[in-house]
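Everything below concerns the one structure shown next.
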Protein chains: 2
Amino acid sequence: MARDKEETKARILAAVGRLLAESGFKSLGVNAIAREAGVDKVLIYRYFEGLPLLLQSFAKEGDYWPSVDELVGDESATDAETLADWMAYLLSRFSAQLQERPMTQEILRWELLEGNELTRELANVRDRFALDSLKFLEEKGSFPPDKDIPAISAVLVAGVVYLMLRTKSSSTFMGIDFSSPAGWQRIQAALDTIVQLTVDGKP
Amino acid sequence: MARDKEETKARILAAVGRLLAESGFKSLGVNAIAREAGVDKVLIYRYFEGLPLLLQSFAKEGDYWPSVDELVGDESATDAETLADWMAYLLSRFSAQLQERPMTQEILRWELLEGNELTRELANVRDRFALDSLKFLEEKGSFPPDKDIPAISAVLVAGVVYLMLRTKSSSTFMGIDFSSPAGWQRIQAALDTIVQLTVDGKP
DNA sequence: ATACCGTGTCACTGGGTGGTGACTTGAACC
DNA sequence: GGTTCAAGTCACCACCCAGTGACACGGTAT
């Protein structure tokens, strides 16, 4: 149609993104992508050599994870001082960023139900981001030796991620209603409580 | 074959269970179920009127969630005294039980990526179980008014669930290795730390 | 002009899926 | 023994999917 290879490739990649954000990996196939992109599917095979490599290209070009800088944002915008302050701040920023990234949410869903080469690679990228964040945190206030801050962070981040992924399909969890901001505020407050008492607690 | 309607229905339901535990809801279809059960698929339509109602039957007959009694187990086996003790105990029991129930894990995965009538019903059952557990907990030691124990529990339970669901496809999260028991022990310890300091912390 | 080659189009195969109608088998009942 | 009816079998439909080979177009270099 447009007779422009690069543009066509871009349209295909864009179509992948749209389909992914809207209906997840479950219904992602060559035909659907070609339809969405308004392109013949044979071009997908020509330019990307099949679905797996197309998805790999897609994964490479996208920025599904904020950099640590993006996660932190403007440092002067927070009055965080202690390690606990920073941890609470990062958790709240993380949950806000995740909420704004439907694609990232889909990738997390995908990691949860398929363990192939691509999801493992995506998981590695994600984990590197997580470790960077931990390193940033440690620079803000060194970890108390009697507490396993990485493990504690893992539990809390995992909790945030799970609650976030749930809300798309179901609006209540353990009696907490996530359809209104009030539910999220309770979670936010709980995270703050946990972090302050756990990380800075004087034993 | 066996010419016994009830037995055939049972075989079909059993096949659903096997397929579910082994390959999840993604590849669950009428043909696959019939194959697995060694039964003609037409019988599925005759006896269950299609996949949705079959799954509904399956959901009704199964006990995918432990009762609170099962969750608690033998009360005399623990020396828990305070509310925090009990909370930590329940969390550890919960995670152990979940680990032993691949079907339950699949249901949780399913809830995460499909929001239909059935998953919502399953979610309701699950939430009732969660609320029962909270009630049990409150009988063991009333909730401190300055802390949102349900919200804190929600975060921790969500964290456990997410970490559990991840381990099937990926073995590392935030630098913690879940392929060995050591990783889980760190999580367990982190949960204990959080609960003790958060719930019983003297502010 | 023409031969060439990259881009895009079309038509097709093979296989899996959900779903249905027509058939056979077997046992209980008269 | 023959009838009846539920339980089980078989063959088929329409549809969607991944993947491929053959063809049409349209610039470009010669």
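Letters go in sequence order (proteins before strands), and every chain restarts at 1.
Following rounding to the nearest Å, B:D40 (CG) and D:dC10 (P) show an atom-to-atom distance of 8 Å. Atom CG of B:L19 is separated from atom P of C:dT17 by 11 Å (rounded to the nearest Å). One interatomic measurement links the two molecules: CD1 of B:I44 to C1' of D:dG8, which rounds to 13 Å at whole-angstrom precision. Rounding to whole angstrom units, NZ of residue A:K9 and P of C:dG8 are separated by 11 Å. When rounded to the nearest whole Å, the span between CZ of A:F48 and C1' of D:dA18 equals 17 Å. Taking atom CD of residue B:E49 and atom C1' of nucleotide C:dT20, one finds them 15 Å apart after rounding to whole Å. With rounding to whole Å, A:L53 atom CG is found 15 Å from D:dA18 atom P. Look at NZ on B:K5: it is 17 Å from P on C:dA28, rounded to the nearest Å.
Nearest to the side chain of A:Y45, among D:dG8, C:dG19, D:dA18, sits D:dA18. Looking at the side chain of A:T8, the nearest of the listed nucleotides C:dG8, D:dA18, D:dG8 is C:dG8. Here the side chain of A:L43 is nearest to one of C:dT17, C:dG8, D:dT9, namely C:dG8.
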Begin with the C-alpha distance, continue with both residues' side-chain angles, and end with the deciding distance and a verdict on side chain to side chain donor-acceptor pair (under 3.5 Å) for A:R109 and A:Q105. CA-CA 6 Å; A:R109 277 203 186 79; A:Q105 294 181 27; 4.5 Å; no
For side chain to side chain donor-acceptor pair (under 3.5 Å), just list the numbers for A:T172 and B:D127, CA-CA rounded to whole Å, side-chain angles, deciding distance to a tenth of an Å, and then say yes or no. CA-CA 8 Å; A:T172 164; B:D127 234 38; 3.1 Å; yes
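No donor-acceptor contact under 3.5 Å links the side chain of A:R46 to the base of C:dT7.
Position along DNA chain D of the nearest nucleotide to B:K41 versus A:L28 favours B:K41 as the more 5'-ward residue.
Between B:N31 and the phosphate of C:dG16, there is no side-chain N or O to OP1/OP2 separation shorter than 4.0 Å. An OP1 or OP2 oxygen of D:dA18 is reached within less than 4.0 angstrom by no side-chain nitrogen or oxygen of A:R35.
Across all strands, A:V42 comes closer than 4.0 Å to base atoms (heavy-atom distances).
The line from OG of A:S92 to CG of A:L191 is 9.0 Å long, rounded to the nearest 0.5 Å.
The closest side-chain donor-acceptor pair between B:D69 and B:S67, if any, does not fall under 3.5 angstrom.
Test A:F136, A:Y64, A:W65 against A:F129 for ring pair (Phe, Tyr, Trp, His ring centres under 6.0 Å) and you get one pass: A:W65.
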